Each structure stands twice: as C-alpha cells, then as structure tokens.
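Owing to the predicted nature of the structure, the values given are computational and were not obtained by experimental measurement.
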Amino acid sequence: METLERLVRVTPQADERVRLGKRIARLRHAQLRDGEGAAAALEQVLALAPQDAEAWAHLREVHTEGRRWEQLGQAFASEAEHVEERPLQ
C-alpha cells in the first residue's frame, strides 16, 4: 500500500494518479476493510477528476456501508455540483 501511495505522490500524469488512487481505494475498502482510508483515497481521486462517475459511486458505497450518513449526504451534494446530468437508463 505504501508503494502505491508513494507512486500517487510522484506520478506527474493526473490520469495515472486517478487510476492509482482508485486502486488504493479498492484495496483499502475490499481487502483492508478500511472505509475511512478508502474514502480519503476517493476524495483525492475526485479532486483530480471531479466528473468520475465510478469514483463517486464507490465513495457513496463506502459511506453507505460505513453508515456515515452525513458524509454520504455531502458526497451526493458534491457530486451534483461536479457531474454533468446523465440520462436515466
């Protein structure tokens, strides 16, 4: 995990930092059961890519599973500000 986090800090390409940040979030969430760490990684991803629907969905999932309702509400509000309207499917 430390190696991935170090790579995020030193990688100059934003798209690569986003990819690495999502990987860190998945590992923290699924394998380490570290919801707060996963949420922090996803917030860093979203600072770089605020329209990343996959990252928003994962952040909502992390907050829901952790029963962090206030943070979930904040995530919905932030997402609404940053993500373009998508058609319903």
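No more than 12 heavy atoms of other residues, nucleotides or ligands shown are found within 6.0 angstrom of CD on E36.
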* So K22 and D52, side-chain contact (heavy atoms from CB on, under 4.5 Å) or not? Walk me through it. -> CA-CA 10 Å; K22 287 180 177 182; D52 190 313; 2.7 Å; yes
* To do: Step by step, work out the side-chain contact (heavy atoms from CB on, under 4.5 Å) result for L72 and T64.
  => CA-CA 7 Å; L72 178 62; T64 299; 3.6 Å; yes
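Here the closest non-hydrogen pair linking H63 and A39 is CE1-CB, 3.8 Å. Heavy atoms only, all atoms of each residue included: L20 and T11 are closest at CD1-OG1, 3.9 Å. Residues L46 and A55 come closest through the heavy atom pair CD2-CB, 3.6 Å. Residues A14 and L48 approach most closely at O-CD1, 4.3 Å, considering heavy atoms. A38 approaches V62 most closely through the heavy-atom pair CB-CG2, 4.1 Å.
With values rounded to the nearest 0.5 angstrom, E43 atom CD is found 8.5 Å from S78 atom OG. Atom-to-atom distance recorded for Q74:CD and R68:CZ is 11.5 Å, nearest 0.5 angstrom.
No donor-acceptor pair closer than 3.5 Å links the side chain of R60 to the backbone N or O of A75. Checked by atom type and distance alone, the side chain of R26 never pairs as donor or acceptor with a backbone atom of G21 at under 3.5 Å. A donor-acceptor contact shorter than 3.5 Å links the side chain of R33 to the backbone of A30. Of the possible polar contacts, none joining the W56 side chain to the F76 backbone as a donor-acceptor pair under 3.5 Å is found.
Residue R23 is tested with L4, V8, L7 for a side-chain contact (heavy atoms from CB on, under 4.5 Å); the sole match is L4.
For the residue pair H29 / E65, a side-chain donor-acceptor distance below 3.5 Å is found, with atom types taken as modelled.
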